[in-house]
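Atoms within a ligand are numbered from 1 in the order they appear, just like the ligands themselves. These numbers come from a predicted model, not from an experiment.
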Amino acid sequence: MSSPDSKAGSVCIVGSGPSGLYAADTILRKRPGCAIDIIDRLPTPFGLVRAGVAPDHQGTKNIVRQFERSMTKPGVRFLGNVCIGRDVSYAELKASYDAVVLALGAPVDRTLGIAGEDLDGVYGSGAFVGWYNAHPDHADLAPRLDAPGVAVIGNGNVALDIARILAKTPAEMTGSDISAPAVDAIAAAPLTDIYLLGRRGPLEASFTSAELGELGHLERARPVIDPAVLDGLTAEAVADPKEQKVKDKNLEILREFAARTDDKPLRVHLLFNAAPQEILGADGRVRGLRIERTRVENGRAVSTGETFDLDVGTVVTAIGYRIAAIDGVPVDENRGIVANQDGMVEDGVFVVGWAKRGPSGVIPSNRSDSMAVAELILSHLESAAGRTPGPTAIDALLAERGVTPVCFDDWQKINAAEVARAAEGRPREKFTRIAEMLEALK
Ligand code: NAP
C-alpha cells in the first residue's frame, strides 16, 4: 500500500498517540510521498486515547476513526511492538530517517516527595488509570481497595476520572471498555468515602466543568462540599475571559453540590486548601493521610500550620507526569520533558505532545501544537530529504534482531479479537498482556 518517494524523505514518529498522529497527518498532507514510520512499543496504537481516556468516555475515543485514516494513507506504516532502547536505539533512528519525531508522551507518575509514599496502597494515576484501562504495563497492579476510604490527590481531570470510576456501579460502567478485573475489584471494594484533594482553592482547580458536573449524576455516590468554602467566592478576578467562564461554571456546579441534601451510600468529598503532608501507615500499608490546611497567597498554596487526618486505606496521586528516559534523548529534568526549543531537540529530531510541553491539554490541544512542529519538520525536510536510507535501514536492523513489528493490519486483527470477546453491551474486552495480543494474530 505504501508508495513513498525517496526524494520526499523519511520520517520516523516514535509514539502512536494523538500528538504523533496529528504530526504525521500534517507532514503527509504537505509532503505527499514522504515515508512515515510510526513506531510504538505496544502492539496497539493510539496512546492515551486507548489507555488514558476514561473508559466511560467512549465518545472521546471516536477520534480513532480519524487517526485510522491517517495511519492507512500511502507511505505510512505502523510498526507496533518495537521498543526504542530495546529493539532499536535512538542513535540508529537518527541515522536511518531524515527526521525523527519523539511523540513519547509522559508515562511516569510524578511523586509527592512526602513520607509514606512507599507504603502498600499508594498508586500514581498513570499506574491506576493504566490498570483499569488494561494497559499491559499495569495489568497486574491489583490495587488495594479493601478499606472504606480512598484519597485521590489532585484537582485536575485525571483526579476526577479516578474518583468517578471508583464511585460508579458496574451497571453504570455498561458500555465502557474498563477492564473486567477492575470492574470486579471496584464492585467488591467496601468504599464509603472518596476524598478528592486540592492543595489550592476551587478557583485554582484545573477541572473542566463537564467533567466536574458528572460527579453530580452518579447512582450510588454523591458529591459533598462544605458550603463555607464557597462563601463570597467569585471568578471576577480571573483575567482570561474563557478561563473565567469555566471557573464561573465550576462555582455554580460546586454550589449546587453544596446545597444537596440527598443521601447515598458513597460520598465523594471535595476538599480544597488541603495539601498532603504525610501518608500514615502501619505494617507497611496505608492507614491514613495527614493533611495540611492551606490558604492561597498570590496563587500559591501556603501552609496555615493546621493539620487533620483522613481515614483512608488507599491513596492515588493524580499530580502530573514525566517522560520515561531513553538512552541518548536529552531531558529537561526540572520539567520532566524532552529538552527542546519549541519542539526542536537537535538537528533532525523533534518532539511533540506531552513529551514536549508537559502533561497538559486535551486531545485537540495536540492538533495545533503538532501542526506547528510539523512546519519545522517540513522546512527541515526541504534540505534534509533523502540524506538517510529511510525505512529500509530499520527493516534490516529489526530483521537482523529477529523483531517482527505488528503492522496496522495486525492491529486490526487484535482489534477484531478484542471486540469479538467482549460481553454484551461492552465495546471491547481489551487484552491486558502483549503475549495475548500476539496470540490473537496466529
Ligand atoms: P492537571 O490538570 O495539571 O492537574 C494536576 C493537579 O495536581 C493539580 O490540581 C495540581 O495542583 C495537583 N498537584 C501537583 N503537584 C501536587 C502536590 N505536590 N500536592 C498536591 N497536589 C499537587 O493534570 P491532570 O489532571 O493530570 O491532567 C493532565 C491533562 O489531561 C490536563 O490538561 C487535563 O485537562 C487533561 N485531561 C482531560 C480529560 C478530559 O477532558 N476529560 C481527562 C483527563 C485528563 P496545583 O494546581 O496546585 O499545581
For residues 64-71, dump all side-chain donor-acceptor pairs below 3.5 Å to protein atoms at least two apart in sequence or in another chain.
{"from": "Ser70", "atom 1": "OG", "to": "Asp25", "atom 2": "OD1", "distance (Å)": "3.2"}
{"from": "Ser70", "atom 1": "OG", "to": "Gln66", "atom 2": "O", "distance (Å)": "3.4"}

Problem - Centroid-centroid under 6.0 Å between His138 and Phe128 rings - result: no
Problem - Residues lining ligand 1 [heavy-atom distance under 4.0 Å, listed by chain and residue number] - result: Leu112, Ile153, Gly154, Asn155, Gly156, Asn157, Val158, Asp161, Arg199, Arg200, Ser206, Glu211, Pro276, Ala318, Ile319, Tyr321, Trp354, Pro359, Ser360, Gly361, Val362
Handout entry: Residues Arg357 and Asn366: side-chain donor-acceptor under 3.5 angstrom
Key = yes
Handout entry: Pairwise side-chain hydrogen bond (donor to acceptor under 3.5 Å, both in side chains) hits with a residue in residues 216-239, at least two apart
Key = none
Exercise for the section: Kindly compute the distance separating NZ (Lys264) from OG1 (Thr192), expressed to the nearest 0.5 Å. Expected result: 15.5 Å
Listing, residues 279-288 side-chain donor-acceptor contacts under 3.5 Å, not counting sequence neighbours, or none:
{"from": "Arg285", "atom 1": "NH1", "to": "Asp146", "atom 2": "OD1", "distance (Å)": "3.2"}
{"from": "Arg285", "atom 1": "NH1", "to": "Asp146", "atom 2": "OD2", "distance (Å)": "3.0"}
{"from": "Arg285", "atom 1": "NH2", "to": "Asp146", "atom 2": "OD1", "distance (Å)": "3.1"}
{"from": "Arg285", "atom 1": "NH2", "to": "Gly313", "atom 2": "O", "distance (Å)": "3.2"}

